[in-house]
Number of protein chains: 2
Amino acid sequence: MVGKVAARREILRKSLIDIAKLRIARDGLSALRARDLATDAGCAVGAIYNVFGDLNDLVLSVNADTFQALGQDVASSLSEAGQTPVQQLIVMSQAYHRFAAQNYYLWRALFDLERPKGEAAPDWYLAEMGQLFTFIHDPLRAAFPQMDAEQRALLTKALFSTVHGIVLLGLDDASAGVQSANIDDMIALILNQIIGPL
Amino acid sequence: MVGKVAARREILRKSLIDIAKLRIARDGLSALRARDLATDAGCAVGAIYNVFGDLNDLVLSVNADTFQALGQDVASSLSEAGQTPVQQLIVMSQAYHRFAAQNYYLWRALFDLERPKGEAAPDWYLAEMGQLFTFIHDPLRAAFPQMDAEQRALLTKALFSTVHGIVLLGLDDASAGVQSANIDDMIALILNQIIGPL
DNA sequence: TCTCGTTTTTGAACGTAGTTCATTATGACA
DNA sequence: TGTCATAATGAACTACGTTCAAAAACGAGA
């Protein structure tokens with residue numbers, strides 16, 4: 001019987017990702033423990049390292065799933081959006097906010113996972129980031145057809161950073177958190193001001 | 001001779017804060033080690049715990065200094081600012097950016113230090129945050145005298161979050177970092193759009 | 001100055017992490 | 001089925017924050 005080992009490893013891999021996802025979602029990234037994972041998965045601690053290089057690798061896989069889910073949420077929010085670019089941007093931003101609020105620790109793990117110093121982010125990470133940028137970029141092209149590409153790329157990053165900043169500080173109760181409903185108001189206020197009058 | 005002990009402890013306290021500041025600035029918060037601190041300070045590891053409750057307490061003190069320095073930088077940037085509210089906001093935001101860039105790890109420590117779960121941020125932290133908010137709030141009052149207080153408070157937080165977000169993602173090379181010069185452009189672009197036309 | 005009780009400082013030791021690796025168990029193939 | 005390569009195991013290793021029994025330093029009274 002060929003591939004039995006590979007199959008078992010694949011099952012363990014998926015299982016570990018799911019368990020880590022649950023634990024991160026419940027207790028946060030910093031509460032993740034190799035021994036807890038092994039207990040939950042019914043395997044030895046060493047088994048984790050047969051499948052992942054280290055715990056960071058495992059969290060990276062969790063983050064890949066999170067990015068996927070986040071991207072889908074944002075994309076599907078578009079279907080219920082109005083037609084104007086600014087309406088689309090607002091709805092997507094509020095979907096981003098909703099995802100971050102409902103999956104707080106998983107969302108935080110996207111940014112809190114520390115990378116080996118000076119090492120670039122993995123390709124898939126940048127690709128997922130680029131995907132989110134695309135969602136913003138398209139309405140901007142509709143809103144500002146005459147704007148040159150470079151300027152529009154800058155505006156895209158600026159808008160993403162803006163929304164991310166509002167959601168980040170809004171959900172972080174240590175940084176003078178804001179009422180959740182107000183976060184959506186802020187997003188709409190800012191986006192209307194930036195895009196609306198142009 | 002009374003107060004000799006207290007004086008020595010105070011010296012150690014200051015010394016430890018300075019050393020921690022240097023190490024965080026050089027290697028980042030996550031590279032801070034109790035044993036390294038003790039070695040640099042020429043004291044025993046246990047001595048740290050005579051002066052601070054734990055390492056988090058020490059970092060909190062470092063952060064207090066960082067907030068102080070940041071506040072002064074932002075405040076003094078106003079002296080070279082133009083007279084219009086939007087000019088003032090842009091200059092302060094770019095001062096915020098410059099501080100974050102030049103003191104990256106110290107600035108990150110303000111937000112990366114993890115707090116005991118569910119525990120509120122210390123009072124001085126919120127007070128310092130409030131100080132930064134005030135810097136924004138004043139130009140906004142000049143720009144929008146007719147706006148009601150609540151709305152202006154919301155806009156204040158939104159603007160701070162916006163600038164923070166742009167600087168944060170711009171300086172984080174893992175999140176598709178942006179050229180430093182462009183960060184200032186983004187800030188000016190966004191602030192002009194938000195405030196200018198109102 | 002010389003005790004002696006108190007307080008402070010010390011650093012070895014403790015508990016808890018992530019990670020490794022010699023050993024054991026297992027699967028694939030002749 | 002026997003043999004060997006491969007995988008799984010978990011005790012052990014290292015590194016960390018933190019503690020605490022013991023030693024040193026202190027200061028008041030003789």
Side-chain angles (χ1 to χ4, degrees), chain A residues 1-17 19-24 26-63 105 109 112-117 119, chain B residues 1-17 19-24 26-63 105 109 112-117 119:
Chain A
M1 199 193 259
V2 162
K4 202 168 182 178
V5 166
R8 197 175 36 206
R9 277 170 74 113
E10 189 52 30
I11 287 173
L12 180 59
R13 192 190 129 83
K14 288 250 171 60
S15 173
L16 282 172
I17 291 176
I19 292 165
K21 209 181 293 184
L22 280 174
R23 293 198 87 100
I24 293 174
R26 175 151 41 87
D27 306 321
L29 177 60
S30 64
L32 197 67
R33 305 273 172 266
R35 284 167 179 81
D36 292 344
L37 283 171
T39 302
D40 283 9
C43 69
V45 276
I48 297 171
Y49 296 87
N50 296 333
V51 182
F52 297 97
D54 57 17
L55 281 196
N56 260 24
D57 266 14
L58 169 52
V59 176
L60 226 48
S61 295
V62 171
N63 282 356
Y105 282 128
D112 289 348
L113 177 61
E114 69 178 291
R115 278 163 284 282
K117 183 162 178 171
E119 187 172 312
Chain B
M1 201 192 261
V2 165
K4 201 167 182 179
V5 167
R8 197 174 37 207
R9 277 169 76 113
E10 190 52 31
I11 287 173
L12 180 59
R13 193 189 128 84
K14 290 251 172 55
S15 172
L16 282 172
I17 291 176
I19 291 165
K21 210 181 294 185
L22 280 173
R23 293 198 88 99
I24 293 174
R26 175 151 39 88
D27 306 323
L29 176 60
S30 65
L32 196 67
R33 306 272 172 264
R35 285 167 178 81
D36 293 344
L37 282 171
T39 302
D40 284 9
C43 70
V45 276
I48 298 170
Y49 297 87
N50 296 333
V51 182
F52 297 98
D54 56 18
L55 280 195
N56 258 23
D57 266 14
L58 169 52
V59 176
L60 226 48
S61 295
V62 172
N63 282 355
Y105 282 128
D112 289 348
L113 178 60
E114 71 178 289
R115 277 163 285 281
K117 184 162 178 171
E119 188 172 312

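In what follows, every chain begins at residue 1, and chains take the letters A, B, ... in the order their sequences are listed.
- Remark: P of C/dT26 and CZ of A/Arg8 are 9 Å apart, rounded to the nearest angstrom.
- Across all their heavy atoms, A/Ile17 and A/Ser61 have their closest contact at CD1-CB, 3.6 Å.
- Counting to the nearest Å, the C1' atom of D/dG17 and the CG atom of B/Asp36 are 13 Å from each other.
- In terms of heavy atoms, A/Leu55 sits closest to A/Ala34 at CD1-N, 3.9 Å.
- Among the protein residues, A/Leu58 comes within range of no part of the nucleic acid, since none of its heavy atoms lies under 4.0 Å from any strand.
- Regarding A/Phe52, its CZ atom lies at a distance of 16 Å from the P atom of D/dA7, rounded to whole Å.
- Rounded to whole Å, atom C1' of D/dT6 lies 16 Å from atom CG of A/Leu12.
- A donor-acceptor pair is defined here as one N or O able to donate and one able to accept, closer than 3.5 Å; such a pair exists between the side chain of B/Arg9 and the backbone of B/Asn50.
- Rounded to whole Å, the distance from OH on B/Tyr49 to C1' on C/dT8 is 18 Å.
- For A/Asn50 and D/dA8, the shortest distance from a side-chain N or O to OP1 or OP2 is below 4.0 Å.
- The 5' end of DNA chain D is approached more closely, in terms of each residue's nearest nucleotide, by A/Ala44 than by the other of A/Ala44 and A/Arg35.
- The side chain of B/Leu55 lies closest to D/dT18 when the candidates are D/dT18, D/dA7, C/dT19.
- In this structure, the CD1 atom of B/Ile48 is 9 Å from the P atom of D/dT18, given to the nearest Å.
- Atom CZ of A/Arg13 is separated from atom C1' of D/dA8 by 18 Å (rounded to the nearest Å).
- Comparing atom distances between the A/Val45 side chain and each of D/dT9, D/dG17, D/dA11 picks out D/dA11 as nearest.
- For C/dG18, its base never sits under 3.5 Å from the side chain of A/Arg33 at any donor and acceptor pair.
- Without hydrogens or angle criteria, B/Asn56 side chain to B/Glu114 main chain gives a donor-acceptor distance under 3.5 Å.
- C/dT8 atom P lies 16 Å from atom CD1 of B/Ile11, rounded to whole Å.
- B/Leu32 has its side chain out of reach of B/Tyr105: every pair of non-hydrogen atoms, C-beta onward, lies at least 4.5 Å apart.
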